[in-house]
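Accompanying notes for the structure given below.
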Amino acid sequence: MQLGSLQLGSLRRGVSVVGIRDRVTGSASAVVRVGRDRVHAVRGRARSMLDTWKRRRFFARNPSRAADAEVRTRENRFYQVASSVVSDIVRIEFSTEYGYRADTAQDRRDARADAVAARHDAKRAFPQLLRVLDTEIASTSAGEVVAASRVLAESVRQYLRGNTVSEHLHPKDALSELHSVMYDQDGWDLPEDSQDTDAPSSGHPEEATPTSSPDGHTPHPESGGERADEQDTDDRVRRSDTLAASETLLIEAPVTKRAGDPDYRERLLAARYEPHIAPFNRYVDLLREQRGEWLPYVAPTYGGVDARLLSLFQDPGPKTRTGSGSGMLCVENPDDSAARYLRLLTDAGIDVRDTISWNSYPWYIARPPTDSELDEALPVLTRILGMLPQLEVVLLQGGTARKAWERLSLAEPAIIDRLEVIPTYHTSPRVIAHVSSAERDRRERKLSDDFARAKALLTRA
């Protein structure tokens, strides 16, 4: 059959259009594949960083990697009791030193009283340390762990007897040695976090095969398999027999306003004397007893003595109160200021467990503190700084915090010279209320930029 010239021209144009469409479609598919590959790479790096952090935080409190789960649980229990005793010893030393250099007689008396209370706490806990050593470690653990545990117990005994200079290790050094010995057993590891189930298998994302999770479950690609696998893995980690309730708090990501849940508040309160946060909350107990005035605890979700960033605010807000709130300084408190603070930390990539919060005037007064009240609170702030050996960056959240820091810089210049200080706004919604939209945007940008700068300083260090 012969085609007319008009028909032949139409056919050629059709073939040409189909060819162009195929090339455009192919190019678009290639761009999509490249974009997806980049997303997968970013997700993989983010998961790797998160896994590394979770491992570090978990093993900092639970160093045992014994193969047997029961032995592992017992060794971690002993290590946590030992950490609590050593925290008391650190408190003894800090309070004793502060008692010599405090400016006022009252501050010196308070410091001596705190040192006496810390020594009493350590002596009261020491028999428990020996009991756990004899009943749970000596008969089941490896010889190296038993030996390091006995060295630690003896170093604490000598310290509490007043023999601080002897052939025995300092309790802090002995605890560090015990941590190394327990961790070096290498018979167990923390379950891996969620795997990269959506990674391309052969350069084509649509051909990827979901990876089985550790329990053999293969997620369905059309049912949110990646998210389900991540949640399953997190649940398995949280159900681990070696993970105490308080340790679960340390590896869970904070959730906005979660402290409004009564059950969660109970968990926070039960963990307030965990070793990393105990020095702060025992100091809160002491301040409550001395003044007869209320101030909030510090939530165990913070980094405590391991914190590298301090956010200094004005005074405790209403949702730190017991009853109406959590009873703690907490990024999960049910108020907009805490929610905004958590969002700024998250957006900047700062882990809450790298931080701690405190107030320029730590007692609850429900109003801005006066200048004389800020001066009255300076010794407390000085002591808090002394409990933060890893501190690198300070965020001054608002004008009152800046004023308190100026006073501190005059009173204790040696303490703050080593720190990077970033003045910024408070996270309260009132900061951006009743201002123009341009000013509101400027303040929001400054807050975001200041948190990003804090992250950069921490990363550089």
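What you see below is based on every heavy atom in this structure, not just the backbone, and it leaves out hydrogens, waters and symmetry mates.
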Notebook entry, point to check: Tell me, do Ile277 and Tyr297 make a side-chain contact under 4.5 Å, heavy atoms counted?
Noted result: no

Checklist line | Any side-chain donor near an acceptor of the partner, Tyr273 and Asp121, under 3.5 Å | finding: no

Next item on the list: Using ring-ring contact (aromatic ring centres under 6.0 Å, His included) as the criterion, list what pairs up with Trp358, not counting sequence neighbours.
Entry: none

Next item on the list: Hey, could you give me the CG/CZ distance between Leu344 and Phe451, rounded to the nearest 0.5 Å?
Entry: 4.5 Å

Next item on the list: Look at Arg402 together with Glu406 and state whether they make a salt bridge at an N to O cut-off of under 4.0 Å.
Entry: no

Checklist line | Candidate list Asp261, Asn333, Thr320, test side chain to side chain donor-acceptor pair (under 3.5 Å), partner Ser326, passing option | finding: Asn333

Check: Do Pro254 and Thr301 have side chains that get closer than 4.5 Å, going by heavy atoms?
Finding: no

Next item on the list: Inspect the surroundings of CZ in Arg418 and state if more than 12 heavy atoms from other residues, nucleotides or ligands are less than 6.0 Å away.
Entry: yes

Margin query: Minimum heavy-atom separation for Tyr425 and Lys446, please, with both atom names.
Written below: CE1-CD, 3.7 Å

Check: Among Arg77, Arg72, Arg131, whose salt bridge (Lys or Arg N to Asp or Glu O under 4.0 Å) with Glu136 holds?
Finding: Arg77

Check: Between Arg445 and Asp441, is there a side-chain N and carboxylate O pair less than 4.0 Å apart?
Finding: no

Notebook entry, point to check: Looking at NE2 of His426 and CG of Leu447, how far apart are the two atoms once the value is rounded to the nearest 0.5 Å?
Noted result: 10.5 Å

Item checked: Between CG on residue Leu287 and CZ on residue Arg282, distance to nearest 0.5 Å -> 14.5 Å

Notebook entry, point to check: So Glu293 and Ile365, side-chain contact (heavy atoms from CB on, under 4.5 Å) or not? Walk me through it.
Noted result: CA-CA 10 Å; Glu293 298 179 27; Ile365 51 175; 5.7 Å; no

Check: Does the side chain of Val284 come within less than 4.5 Å of Leu295's, by heavy atoms?
Finding: yes

Notebook entry, point to check: Shortest non-hydrogen contact from Glu75 to Ile137?
Noted result: CA-CD1, 3.7 Å

Check: Side chain of Lys455, backbone of Ala348: donor and acceptor closer than 3.5 Å?
Finding: no

Check: Is the number of heavy atoms from other residues, nucleotides or ligands within 6.0 Å of CD (Glu439) greater than 12?
Finding: yes

Next item on the list: Compute the ring centroids of Tyr302 and Phe280, then answer whether they are less than 6.0 Å apart.
Entry: no

Next item on the list: Verify whether one side chain among Gln80 and Asn62 offers a donor that lies under 3.5 Å from an acceptor in the other.
Entry: yes

Checklist line | Nearest atoms (heavy-atom pairs only) where Arg440 meets Val435 | finding: NH2-O, 3.3 Å

Note to self: I want to check something: taking the side chain as every heavy atom from C-beta on, are Val85 and Pro171 in contact at a cut-off of under 4.5 Å?
What the structure shows: no

Note to self: If I take atom OH from residue Tyr283 and atom CZ from residue Arg383, how far apart are they, to the nearest 0.5 angstrom?
What the structure shows: 4.0 Å

Check: Between Arg265 (side chain) and Ala259 (backbone), is there a donor-acceptor pair under 3.5 Å?
Finding: yes

Checklist line | Atom of Met387, atom of Pro389 and distance for their closest heavy-atom approach | finding: O-CD, 3.2 Å

Check: Checking Gln397 side chain against Leu312 main chain: does a donor-acceptor pair fall under 3.5 Å?
Finding: no

Notebook entry, point to check: Which heavy atom of Ala401 sits nearest a heavy atom of Phe313, and at what distance?
Noted result: CB-O, 4.1 Å

Next item on the list: Drop me the distance from Leu374's CG to Leu408's CG, to the nearest 0.5 angstrom.
Entry: 11.0 Å

Notebook entry, point to check: Is the side chain of Ser155 donor-acceptor paired with the backbone N or O of Leu152 at a distance under 3.5 Å, no angle test?
Noted result: yes

Check: Does any non-hydrogen side-chain atom of Trp363 lie less than 4.5 Å from one of Asp315?
Finding: no

Notebook entry, point to check: Heavy atoms, side chains only, cut-off 4.5 Å: are Ser83 and Leu175 in contact?
Noted result: yes

Checklist line | Check: Lys403 and Asp371 side chains under 4.5 Å, non-hydrogen atoms | finding: yes

Check: Quick one: which of Leu419, Leu395, Val421, Leu391 gives a side chain to side chain contact (heavy atoms under 4.5 Å, CB included) with Leu310?
Finding: Leu391

Check: Judged by atom type as modelled, is there a donor-acceptor pair below 3.5 Å linking the side chain of Arg65 to the main-chain atoms of Gln185?
Finding: no

Checklist line | Pair Asp336 + Arg340, salt bridge at N-O below 4.0 Å | finding: no

Notebook entry, point to check: Is there a donor-acceptor pair under 3.5 Å between the side chain of Arg308 and the backbone N or O of Glu392?
Noted result: no

Notebook entry, point to check: Can you tell me if Glu332 and Tyr264 form a side-chain donor-acceptor pair at under 3.5 Å?
Noted result: yes

Note to self: Would the distance check show the side chain of Asn76 and the main-chain N or O of Ser64 forming a donor-acceptor pair, the cut-off being under 3.5 Å?
What the structure shows: yes

Next item on the list: Side-chain contact test, heavy atoms from C-beta onward, threshold under 4.5 Å: evaluate it for Cys330 versus Arg258 and give yes or no.
Entry: no

Note to self: Distance check, rounded to the nearest 0.5 Å: Gln390 atom CD versus Ile356 atom CD1?
What the structure shows: 12.5 Å

Checklist line | Over 12 non-hydrogen atoms of neighbours within 6.0 angstrom of NZ in Lys257 | finding: yes

Notebook entry, point to check: Judged by atom type as modelled, is there a donor-acceptor pair below 3.5 Å linking the side chain of Ser84 to the main-chain atoms of Val81?
Noted result: no

Check: Is there a donor-acceptor contact under 3.5 Å from the side chain of His179 to the main chain of Phe59?
Finding: yes

Next item on the list: Establish, yes or no, whether the cationic atom of Arg367 lies under 6.0 Å from the six-membered ring centre of Tyr361 and within 45° of the ring axis.
Entry: no

Next item on the list: Under the side-chain contact (heavy atoms from CB on, under 4.5 Å) rule, what do Thr256 and Arg343 come out as? Steps first, then yes or no, please.
Entry: CA-CA 8 Å; Thr256 301; Arg343 177 180 60 80; over 6 Å; no

Next item on the list: Starting from the C-alpha separation in whole Å, work towards a yes-or-no answer on side-chain contact (heavy atoms from CB on, under 4.5 Å) for Val298 and Ser357.
Entry: CA-CA 8 Å; Val298 183; Ser357 293; over 6 Å; no

Item checked: Closest contact, heavy atoms only, Pro296 versus Leu329 -> CG-CD2, 3.7 Å

Next item on the list: Would you confirm whether Arg407, through its side chain, and Ala404, through its main-chain N or O, come within 3.5 Å as a donor-acceptor pair?
Entry: no

Note to self: Using side-chain contact (heavy atoms from CB on, under 4.5 Å), reason through Leu130 and Arg157 one step at a time and then give a plain yes or no.
What the structure shows: CA-CA 10 Å; Leu130 295 179; Arg157 188 198 310 276; 4.0 Å; yes

